[in-house]
Amino acid sequence: MFLQILNAFGAVATPIVVVIIGWIVSRNLKRLENQQWRNQELIKVRLGYYQELAPSLNDLFCYFTFVGNWKQLSPVDVVSLKRQLDRTLYSAAPLFNSKVIEAYDTFTELCFQTFNRWGDDAKLRTGFYHRREHFPGQWMPEWDRYFDRKIDDSVTAVELEAVRAAYTAILAALVGDMDLTRSRTDYASAAVAANADVWRRTPMEDVRGEP
């Protein structure tokens, strides 16, 4: 009698258990699909921001390491670039890992001196002797105040290397957040350090071979 009752219970319970297990599996699969969809959409949004941020970040890198299009950019252009980047990245901050914001802050702190007097623009942490000499247009005298140093102050290899490393870090953080590919360890040539302005020579000193 007991076995008959047990068999009858099993016959009734088995379909119920199968239905419950099927419902749990289906719910988990649906949750996984939704999560994958959200992740894919988030990556698409991040990719859109990357495409917007990357060219301006590269412009800053080029300017502060004297490569690429640095001669075409005025101090006003560079400060404007920073403002655009700040607005874009900080407004999108909730979409990115905190490492992206930290890397961006490190990069811009190496390039700009902020929190100056009320109403003053951020100052550029670089020299302007070569910039004034090679700017393709008319260099405005008032642009000198955009820099944190005097005209005879040099730009060292250490400074250029620090900017290069920080630029690599921000790009690696952005790429890592998109999960599209494994981020590289370097995104800029170490040769930028060769642009350090250790000393300047006059034409006569070059002829004599004196530093």
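Within the model, atoms CH2 of W70 and OG1 of T65 stand 10.5 Å from one another, a figure rounded to the nearest 0.5 Å. Taking CG from L174 and CZ from R46, the interatomic distance works out to 10.0 Å, rounded to the nearest 0.5 Å.
A cation-pi geometry, defined here as NZ or CZ lying under 6.0 Å from the six-membered ring centre and within 45° of its normal, holds between R131 and F66.
Annotation: side chain to side chain contact (heavy atoms under 4.5 Å, CB included) contacts of S80 (sequence neighbours excluded): Q84. With sequence neighbours excluded, no residue forms a side chain to side chain donor-acceptor pair (under 3.5 Å) with W143. Checked against side chain to side chain contact (heavy atoms under 4.5 Å, CB included), R83 has the following partners two or more places apart in sequence or in another chain: V79, D121. Listed by chain and number, the residues in a side chain to side chain donor-acceptor pair (under 3.5 Å) with D148 amount to none (sequence neighbours excluded). Partners of Y49 under the ring-ring contact (aromatic ring centres under 6.0 Å, His included) rule, at least two apart in sequence or in another chain, do not exist in this structure.
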How far apart are the C-alpha atoms of E161 and R164, what are their side-chain angles, what is the distance that settles it, and do they pass the salt bridge (Lys or Arg N to Asp or Glu O under 4.0 Å) test?
CA-CA 5 Å; E161 173 58 29; R164 186 190 71 85; 2.6 Å; yes
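Just one of L110, V155, V163 meets the side-chain contact (heavy atoms from CB on, under 4.5 Å) condition when paired with T126; it is V155.
Within 6.0 Å of atom NZ in K71, 12 or fewer heavy atoms from other residues, nucleotides or ligands are found, so the atom counts as exposed in its surroundings. In Q138, the CD atom is not crowded: 12 or fewer heavy atoms of neighbouring residues, nucleotides or ligands sit closer than 6.0 Å.
Within the 4.5 Å cutoff, no side-chain heavy atoms of Y146 are placed close to those of F128. In this structure, Y90 and D105 have side chains that are in contact, with non-hydrogen atoms separated by less than 4.5 Å. Using a 4.5 Å cut-off on side-chain heavy atoms (C-beta onward), V76 and M140 make no contact. Side chains of I151 and D144 form no contact here, defined as non-hydrogen atoms less than 4.5 Å apart. Under the 4.5 Å side-chain criterion, counting only non-hydrogen atoms from C-beta, Q51 is in contact with L47.
Taking each heavy atom of R149 and S154 in turn, the nearest pair found is NH1-O, 3.0 Å.
With hydrogens and angles disregarded, a donor-acceptor distance shorter than 3.5 Å links the side chain of D153 to the backbone of K150.
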Tell me which donor-acceptor pairs under 3.5 Å the side chains of residues 55-64 have, and how far apart each pair is, sequence neighbours excluded?
residue: N58; atom: ND2; partner: Y167; partner atom: OH; Å: 3.0
residue: D59; atom: OD1; partner: N69; partner atom: ND2; Å: 3.2

